[in-house]
Amino acid sequence: MTPDEVVKSLAPDPGPGLTPAAVEMLTRIMDTAEPAPRTRRPLWRRPILALPLAAAVAAGWSLTAVLGAAPASALNIKDAGDHYLIEVKDLYARPEVYTAQLKEAGLNVSLKVVPVPPSYVGEIHLDTPGWSKGPFPHADKIRTIDRPKGCAPTLSCPIGLTIAKDFTGAAELKLGREGRPGEEYQVVTSLGSRGELLHCKPFVNLRVGEVRRTLASLGVTITEFAITKPGSDGEDAEVTTTAPDSLYVTGGGLSEYGKAFLVVGEEPMDEELKRTIDRKHGCSDGDGSGS
C-alpha cells in the first residue's frame, strides 16, 4: 500500500490540496528535520498545513462595534481604512453566498468555510487551490482577523479575514471552522499539536489500550488504525478498524468531530526522537506529547 493509499483510507480527500498535506503526516513519521520558522502548531513533518496570520488591527478596536452585522448577511464586510474587515456571520452558508458578497465589495475572492480540527479554527489552510507549498502567496494583502486572547475554538469565537483594498489579484480561500458531528475534517494534524486534545499530554509510546481509555474519557472513539512495520516509516502500513491493545502508539489525529485514528506498531518510537518532536510542539521533555 502506498502512502497516498494509506492517507486516503484514513482521511478521504475532500478536494484539491489535502492529500499532499496528509501524506506529510504518515510518510515520514520519524523525520527529524527542523521545521520552517513559525509561532505555533508544528506538524508531523513540514508545518505548512495552515497559516496563522494575525491581523494588524488598530489599538482600541472593538469587535462588537466594528463587526456588528445584519443577521441576514453571511458576511459582515466593514470598511476599515486601507482594508476591508470581514467577519463570517453564517458559518454554514453556501460558498457562492460568501463569494457574491465579496464581489459586491469589489473583491475578486471566493471563500469556503470548512470543518477543521480545533487548532485550525479561524485560519486559512493548505486546502486552498493554487497553494500547495511554501509561504501563503497573498500574506501581505490577506490576513486572518485577531481573535480575543485565549479564545477557545468554538462557534462563539469570531472568524474572518482582512483584505487590503489595493488587492487586485484573485484568490480562492478556505477558512477553518469547528467541525460538527459527522463532518470529516479537511485538515489532518497530530493529536499532539498545539490546540489539539493531547498537546503536551502523554500518548506516543503508550500502548493502544491506554490511549484508547484516554481518548474515551474525552469523548473520542478510535475508528481506524495504521499498523506500521518496523523500519518502514509507514510506507506499507495496514489500515484497519481494529488493533491489539498491546501495540505501541506512534502518532494519530482527529478525522472528524469525536473520532480519531492512530498510527501504531510493534515497536515504540525512539525516545530521543520523541523528545525532539515534543520540543518542536512546545512541550518540555517531561510532557511527552510526541508526534
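Just so it is clear, the structure is predicted and the values come from calculations on it, not from any experiment.
Under the 4.5 Å side-chain contact rule for hydrophobic residues, I277 and L206 share a cluster. One hydrophobic cluster holds both L91 and Y120 under the rule that ILVMFWY side chains link at heavy-atom gaps under 4.5 Å.
Side-chain contact between S190 and H281: present, with at least one pair of heavy atoms (C-beta onward) separated by less than 4.5 Å. Side-chain atoms of K141 and D166, non-hydrogen and from C-beta on, do get closer than 4.5 Å to each other. The side-chain heavy atoms of S110 and E172, taken from C-beta on, include a pair separated by under 4.5 Å. Counting heavy atoms from C-beta on, the side chains of P117 and V187 come closer than 4.5 Å.
The environment of F167 atom CZ is dense: over 12 non-hydrogen atoms of other residues, nucleotides or ligands sit within 6.0 angstrom. For E266, the CD atom sits in a loose shell: 12 or fewer heavy atoms of surrounding residues, nucleotides or ligands are nearer than 6.0 Å.
Distance CG/N76 to CG/D90: 13.0 Å, rounded to 0.5 Å. T162 contributes atom OG1, which lies 7.0 Å from atom CG of L85 (distance to the nearest 0.5 angstrom). From H83, atom NE2 reaches atom CD1 of I163 across 10.5 Å, with rounding to the nearest 0.5 Å. Rounded to the nearest 0.5 Å, atoms CG (L102) and CD1 (I77) are 5.0 Å apart. Atoms CG and CE, on N205 and M269 in that order, are 6.5 Å from each other to the nearest 0.5 Å. Note that the OH atom of Y84 and the NZ atom of K78 stand 12.5 Å from one another [nearest 0.5 Å].
Under the 3.5 Å distance criterion, the side-chain polar atoms of K165 are matched with a main-chain donor or acceptor of G81. Panel note: side chain H199, backbone C283; no donor-acceptor pair is recorded below 3.5 Å. Judged purely by atom type and a 3.5 angstrom limit, T228 uses its side chain to pair as donor or acceptor with the backbone of V264. Under a 3.5 Å cut-off, the side chain of Y185 and the backbone N or O of G179 do not form any donor-acceptor pair. Side chain of E196 to backbone of T189: no donor-acceptor contact under 3.5 angstrom is found.
For the pair I86 and I145, the tightest heavy-atom approach, listed with the atom from each and the gap, is O-CG2, 4.1 Å. The minimum heavy-atom distance between A93 and Y98, with the atom names listed, is N-OH, 3.3 Å. The two residues V97 and A74 come nearest to each other via the heavy atoms CG1-CB, 3.6 Å. Nearest approach of G176 to V116, heavy atoms of both residues: CA-CG2, 3.6 Å. Residue L107 comes nearest to A164 through the heavy atom pair CD2-O, 4.5 Å, listed as atom of the first residue, atom of the second, then distance. Residues A260 and V220 come closest through the heavy atom pair CB-CG1, 3.7 Å.
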Output, in order, the C-alpha distance, side-chain angles, deciding distance and verdict of side-chain contact (heavy atoms from CB on, under 4.5 Å) for T144 and L161. CA-CA 4 Å; T144 57; L161 303 163; 4.3 Å; yes
Show, in sequence, the C-alpha distance, side-chain angles and deciding distance for L111 and L75, and conclude whether the side-chain contact (heavy atoms from CB on, under 4.5 Å) test is met. CA-CA 11 Å; L111 176 66; L75 301 175; 4.1 Å; yes
L175 vs I124, test: side-chain contact (heavy atoms from CB on, under 4.5 Å). Steps then yes/no. CA-CA 5 Å; L175 191 65; I124 300 168; 4.3 Å; yes
| request: Evaluate the side-chain contact (heavy atoms from CB on, under 4.5 Å) criterion for residues L198 and L218: first the C-alpha distance (whole Å), next the side-chain angles of each, then the deciding distance (0.1 Å), finally the verdict. | output: CA-CA 10 Å; L198 299 182; L218 298 172; 4.0 Å; yes
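The existence of a salt bridge linking E210 and R213 is excluded, since no basic side-chain nitrogen approaches an acidic carboxylate oxygen closer than 4.0 Å.
No option in L254, V188, V239, I222 other than V188 meets the side-chain contact (heavy atoms from CB on, under 4.5 Å) test with F261.
Contacts classified as salt bridge (Lys or Arg N to Asp or Glu O under 4.0 Å) and involving residues 247-265 (residues at least two apart or in different chains) are given here: E256-K259.
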